[in-house]
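Notes for the one structure printed next.
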2 protein chains.
Amino acid sequence: MAVQDAMDVLYGKWNIAILSAIGFYNKRSVYDISNDVGGISNKMLSKELKELEINMLITRTVLNTKPVTVQYQLTEHGNTLRTIIDNLTDWGKEHRVKIIGK
Amino acid sequence: MAVQDAMDVLYGKWNIAILSAIGFYNKRSVYDISNDVGGISNKMLSKELKELEINMLITRTVLNTKPVTVQYQLTEHGNTLRTIIDNLTDWGKEHRVKIIGK
DNA sequence: CAGTATCCGAGTAGATACTG
DNA sequence: CAGTATCTACTCGGATACTG
C-alpha cells in the first residue's frame with residue numbers, strides 16, 4: 001500500500017516535530033532545531049535528520065564557521081508534506097474533541 | 001501537538017490496512033477483515049479492532065449466529081479519516097516515485 | 001556546535017495454543 | 001468464528017560519554 005510509504009516518513013516520535021521546526025523558519029541549525037523540538041536527545045535528532053535527508057525532505061548545508069554550523073531547510077518535496085501535516089493536525093483536533101473531550 | 005493525536009490513531013503496522021478493509025465494503029466480519037489485510041495475527045487484529053473501537057472509528061456488533069459472528073463498520077468519524085488516508089496515499093505515491101523510483 | 005558509539009529498558013509484534 | 005493468554009524476539013528511544 002502506498003500509504004505505508006507516507007507513514008514510513010511520518011512515523012516516529014520526533015519526525016513531524018522536526019519538520020515543523022525547520023519548516024516554520026526555514027534554514028535552521030541543529031542547535032535551533034533541538035531547542036524548538038525540546039526534549040529530543042542528540043542521537044535521535046541526528047538520526048532523524050539523516051533519514052529526512054535521505055527521503056529528500058530536507059537539505060543539509062555545512063557552513064565554514066568555527067565551530068562548524070550545519071543548516072537544514074525543507075526541500076520543495078518537504079513542503080508538499082506540510083500540507084498533509086496540516087490536514088492531520090486539523091483531524092487530530094477534531095478527534096481530540098470527540099474522544100478525549102477537549 | 002494535535003497532529004500527534006492523529007498519528008496515535010494512524011500509527012501501527014496494521015491500523016490503516018484494517019480501516020481500509022472495513023471501509024471499502026463496510027460491515028465486515030473479523031474473518032473477512034483478516035483475509036483482506038493478510039498476514040495479520042489473531043492477536044494483533046483483535047487488539048487493533050479494540051483500539052479503533054475505543055477511538056470511535058468503528059462500531060462492533062455481535063450477531064446471533066452460531067458460531068458467533070461479529071460485524072465491524074466505520075463510524076461517521078471513521079469516514080472522515082478516510083479522506084486523510086487518501087491524501088496520505090497520494091503523497092506516498094509521489095514520494096515513492098521520487099525516492100524509490102517507481 | 002555537530003555527530004557518533006554503546007548500553008539498556010520499555011514497548012511492539014509474531015507464533016502458538018487455548019476457551020466459548 | 002471471535003477472542004484471550006503466554007512466551008519470545010526485535011525495534012525504538014533515552015542516557016551518557018566521546019571526537020573533530
Side-chain angles (χ1 to χ4, degrees), chain A residues 1 3-22 25-55 57-74, chain B residues 1 3-22 25-55 57-74:
Chain A
M1 272 194 303
V3 69
Q4 293 299 349
D5 295 328
M7 290 304 287
D8 280 351
V9 173
L10 254 15
Y11 170 65
K13 187 172 178 181
W14 304 108
N15 245 313
I16 293 176
I18 293 170
L19 282 173
S20 299
I22 299 177
Y25 288 109
N26 227 352
K27 295 199 180 171
R28 312 296 311 281
S29 67
V30 172
Y31 182 75
D32 288 339
I33 299 169
S34 181
N35 280 337
D36 271 19
V37 172
I40 189 169
S41 69
N42 212 337
K43 169 190 155 191
M44 276 298 119
L45 182 51
S46 189
K47 181 189 152 221
E48 301 291 359
L49 286 172
K50 211 181 285 173
E51 278 181 18
L52 292 173
E53 197 194 352
I54 290 171
N55 281 317
L57 299 174
I58 60 176
T59 56
R60 179 178 181 276
T61 314
V62 180
L63 303 183
N64 277 328
T65 52
K66 197 173 133 166
V68 161
T69 309
V70 181
Q71 241 175 25
Y72 289 92
Q73 63 181 309
L74 291 190
Chain B
M1 273 195 302
V3 68
Q4 294 299 350
D5 295 329
M7 289 304 287
D8 280 351
V9 173
L10 254 16
Y11 169 65
K13 188 171 178 181
W14 304 108
N15 245 313
I16 293 176
I18 293 170
L19 282 174
S20 300
I22 299 177
Y25 290 108
N26 228 352
K27 294 198 180 173
R28 314 294 311 282
S29 68
V30 172
Y31 182 75
D32 289 338
I33 298 169
S34 180
N35 280 337
D36 271 19
V37 172
I40 190 169
S41 70
N42 212 337
K43 169 189 154 193
M44 277 296 121
L45 182 52
S46 190
K47 181 190 152 221
E48 302 290 359
L49 286 172
K50 212 180 286 173
E51 279 181 15
L52 292 173
E53 198 194 353
I54 290 173
N55 282 316
L57 300 174
I58 60 176
T59 56
R60 179 176 180 278
T61 314
V62 180
L63 303 182
N64 277 329
T65 53
K66 196 172 142 204
V68 160
T69 309
V70 181
Q71 243 175 23
Y72 288 92
Q73 62 180 311
L74 292 190

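Every chain is numbered from 1 and lettered A, B, ... according to where its sequence line falls, protein lines coming before strand lines.
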Does Ser46(B) have a side-chain nitrogen or oxygen under 4.0 Å from the phosphate oxygens OP1 or OP2 of dA2(D)?
no
Using whole Å, what does the distance between atom P of nucleotide dG3(D) and atom CD of Glu51(B) come to?
14 Å
Side-chain contact, heavy-atom cut-off 4.5 Å: Ile33(B) with Leu45(B)?
yes
Which nucleotide, dC1(C), dA13(C), dA2(D), lies nearest any side-chain atom of Ser29(B)?
dA2(D)
Side chain of Val30(B) only, heavy atoms from C-beta on: which candidate in dA2(D), dA2(C), dA13(C) is closest?
dA2(D)
Tell me the interatomic distance from Asn42(B), atom CG, to dA15(C), atom C1', rounded to whole angstroms.
11 Å
Atom CG of Leu49(B) and atom CG of Leu19(B): how far apart are they, to the nearest 0.5 Å?
9.5 Å
Check whether the side chain of Lys43(B) and the base of dG14(C) form a donor-acceptor pair under 3.5 Å.
yes
Picking from Asp32(A), Ile58(A), Leu57(A), what satisfies side-chain contact (heavy atoms from CB on, under 4.5 Å) with Tyr72(A)?
Ile58(A)
For Leu49(B) and dA13(C), what is the distance between atoms CG and P respectively, to the nearest whole Å?
14 Å
Taking atom C1' of dT12(C) as reference, at what distance in whole Å does atom CH2 of Trp14(B) sit?
13 Å
Nearest-Å distance for atom pair CG/C1', residues Asp32(B) and dA2(D):
13 Å
Where is the tightest heavy-atom contact between Ile18(B) and Glu48(B), given as atom of each residue plus distance?
CD1-CB, 3.5 Å
Separation of dT4(C) atom C1' from Glu48(A) atom CD, nearest Å, is 16 Å
Checking all strands, does Lys50(A) fall into the base, sugar-phosphate, or nothing category for heavy-atom contacts under 4.0 angstrom?
sugar-phosphate
Closest non-hydrogen atom pair between Arg28(A) and Ile22(A), with its separation
CG-CA, 3.8 Å
Give the nucleotide from the list dG3(C), dG3(D), dA2(D) with an atom nearest to the side chain of Arg60(B).
dG3(D)
Can you measure Lys13(B) atom NZ to dC12(D) atom C1' for me and round it to whole angstrom units?
15 Å
Return the 5'-most residue of the pair Met44(A), Gln71(B) with respect to DNA chain D, ranking by each residue's nearest nucleotide.
Gln71(B)
Within less than 4.0 Å of OP1 or OP2 of dG3(D), is there a side-chain N or O belonging to Tyr72(B)?
yes
Let me know the distance between CG of Asn15(A) and P of dG13(D), rounded to the nearest Å.
9 Å
When you check the phosphate oxygens OP1 and OP2 of dG13(D), does a side-chain N or O of Ser41(A) lie under 4.0 Å from one of them?
no
For dG20(C), the Watson-Crick or wobble counterpart (both distances under 3.5 Å)
dC1(D)
